[in-house]
Amino acid sequence: MGTRRRRVSVIRSRSKPVKWDDLRMEFISKCTADTISNAAQALKDGHLVVFPTETVYGLGADATNEKAVSRIYSVKGRPSDHPLIVHISSINKLEDWATDIPDYAIKLAREFLPGPMTLILPRTDLAKNYITGGQNNVGLRVPAQRIALALLKKFEELGGQGVAAPSANRFGAVSPTTAEAVGEELGEYLDSADLVLDGGQSVVGIESTIIDCTGLVPTILRPGAITEEMLQQTIDEKAENSKVQSKVKAPGLLESHYAPKAKISLNTIAEPGEGFIALAKIKTPIGAIRLASPSSLEQYAKDLYMALRSADQQGLKKISALIPEGQGLATAIRDRLLRASNKRE
Ligand code: TXA
Ligand code: MG
């Protein structure tokens with residue numbers, strides 16, 4: 001340990017640190033029942049705990065502790081009117097936070113939770129303005145990730161009711177899908193009593209599908225791995241697309257988001273020295289630097305943010321990404337790439 005006061009404990013299960021030595025962080029080698037208990041207690045005590053989920057890493061705080069939640073905003077550098085998703089351990093806890101839950105939302109919850117889906121529902125009194133950004137609804141999610149679920153269960157055993165967690169990146173930047181990426185994003189903003197739980201690379205790799213369940217039909221506000229096609233199979237109504245939704249419904253869904261420092265151009269031929277992202281079947285243009293060669297859409301989603309980050313680490317000025325065509329998960333990948341390149345579909 002060095003002399004700097006700022007020190008973050010990282011409970012990790014794999015790989016070596018990236019340039020974190022400068023931050024004098026403490027590393028704890030793996031997540032056990034004990035370390036997860038300590039992390040749950042840290043949340044109860046008002047500290048921040050970054051935890052892995054199947055989508056991306058979340059920057060967690062006790063969702064009923066206003067002071068702890070306010071630290072999320074300062075650590076992220078995020079405007080305080082942007083609502084936060086509350087993470088719970090089971091759909092049995094939905095009614096603590098939400099009321100007037102429509103039948104279709106119950107169907108979706110039973111089918112897809114735990115999983116990469118967030119439901120926006122009318123709130124109960126438990127969801128205060130500092131969670132919902134003053135809106136009358138609240139975003140709820142049960143993540144499908146072993147460490148996340150164990151943490152949430154333990155937190156609830158200690159009397160906690162839910163963990164507010166945005167993606168663990170600085171506002172507008174690329175969401176982290178590894179603990180190393182969390183360190184790069186937030187290392188210098190976290191305090192010595194905060195924790196980072198390392199669960200390896202997130203398997204989905206892009207943020208949850210957000211579904212507004214406050215109307216007669218579900219409305220996708222952010223596409224993700226639970227696709228429109230999957231939703232339609234589960235319910236009879238047609239899910240409407242996010243384009244027609246106003247930003248008032250999801251103030252965090254800005255035009256430019258998930259953006260690396262490198263400039264992204266879509267569907268152009270990469271020049272020598274530029275980064276290149278495309279499905280594996282597409283050859284790398286001469287002189288371009290291959291950042292990802294996913295062989296499926298699932299792999300594309302999983303590796304996308306790592307690829308964007310790696311471009312910045314290599315100091316590349318430009319990335320050319322070939323966006324995947326079609327429906328399903330391709331829709332979510334396109335959405336993220338378009339926002340990262342500051343364009344919209
Ligand atoms: O996969 C995920 O959803 C990750 C992991 C950590 O769970 N979380 C995440 O949170 O992506 P965040 O805050 O980075 O993005 C959540 C988005 C924001 O754009 C926010 O505005 C929107 O969800 N949101 C949250 N609560 C909302 C609400 N009550 N109404 C409308 N939009 C909401
Ligand atoms: Mg985010």
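Just so it is clear, the model here is predicted, and its values are computed rather than measured. Numbering of ligands and ligand atoms starts at 1, following listing order.
- By the neighbour-count criterion of 12 heavy atoms within 6.0 Å, atom CD1 of Ile106 is densely surrounded, having more than that number from other residues, nucleotides or ligands.
- Here the shortest heavy-atom distance to atom 22 (C) of ligand 1, taken over Ile210, Val204, Ile206, belongs to Ile210.
- For ligand 1, the polar-atom distance check finds no N/O of Lys76 at less than 3.5 Å from any of the ligand's N/O atoms.
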Where do Leu316 and Phe276 land on the side-chain contact (heavy atoms from CB on, under 4.5 Å) test, with the steps shown first? CA-CA 10 Å; Leu316 305 185; Phe276 185 62; over 6 Å; no
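- Within ligand 1, the atoms closer than 4.0 Å to a non-hydrogen atom of Ser208 are 1 (O), 2 (C), 3 (O), numbered from 1 in the order shown.
- Within the 4.0 Å heavy-atom criterion, neither part of Thr132 lies near ligand 1.
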Is there a side-chain contact (heavy atoms from CB on, under 4.5 Å) between Leu190 and Leu59 once you walk through the steps? CA-CA 10 Å; Leu190 293 170; Leu59 172 62; 4.1 Å; yes
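- Note on ligand 1: Arg123 sits outside its first shell, no heavy atom being nearer than 4.0 Å.
- Under a 4.0 Å N-O distance rule, the pair Glu184/Arg309 qualifies as a salt bridge.
- At a 3.5 angstrom cut-off on N or O pairs, Ser167 counts as close to ligand 1.
- The one candidate from Thr132, Thr214, Thr99 that meets the side-chain hydrogen bond (donor to acceptor under 3.5 Å, both in side chains) condition with Arg123 is Thr132.
- Between Thr53 and ligand 1, no pair of N/O atoms sits closer than 3.5 Å.
- The atoms of ligand 1 that sit less than 4.0 Å from any heavy atom of His87 are 5 (C), 6 (C), 7 (O).
- Side-chain contact between Glu156 and Lys93: present, with at least one pair of heavy atoms (C-beta onward) separated by less than 4.5 Å.
- The 12-atom threshold is exceeded at CG of Asn267, counting heavy atoms of other residues, nucleotides or ligands nearer than 6.0 Å.
- For Lys107 and Asp103, the salt-bridge test fails: no basic side-chain N is under 4.0 Å from an acidic carboxylate O.
- Heavy-atom proximity to Gly139, at under 4.0 Å, picks out these atoms of ligand 1: 29 (N).
- Under 4.0 Å from ligand 1, heavy atoms of Asn137 appear from its side chain as well as its backbone.
- Only the side chain of Arg78 comes within contact range of ligand 1, with a heavy atom under 4.0 Å; no backbone atom does.
- The closest side-chain donor-acceptor pair between Ser167 and Asn169 falls under 3.5 angstrom.
- Less than 4.0 angstrom separates some heavy atom of Gly58 from each of these atoms of ligand 1: 6 (C).
- Of the candidates Glu54, Met117, Arg222, the one placing a heavy atom closest to atom 11 (O) of ligand 1 is Arg222.
- At a heavy-atom cutoff of 4.0 Å, ligand 1 is contacted by both the backbone and the side chain of Glu207.
- Here Ser167 reaches the Mg ion (ligand 2): one of its N/O/S atoms is less than 2.8 Å from the metal.
- For ligand 1, the atoms closer than 4.0 angstrom to any heavy atom of Val138 are 29 (N).
- Between Arg141 and ligand 1, at least one pair of N/O atoms sits closer than 3.5 Å.
- For the pair Thr268 and Leu322, the tightest heavy-atom approach, listed with the atom from each and the gap, is O-CD2, 3.9 Å.
- Judged purely by distance below 3.5 Å, without hydrogens or angles, the side chains of Glu228 and Gln232 pair a donor atom with an acceptor atom.
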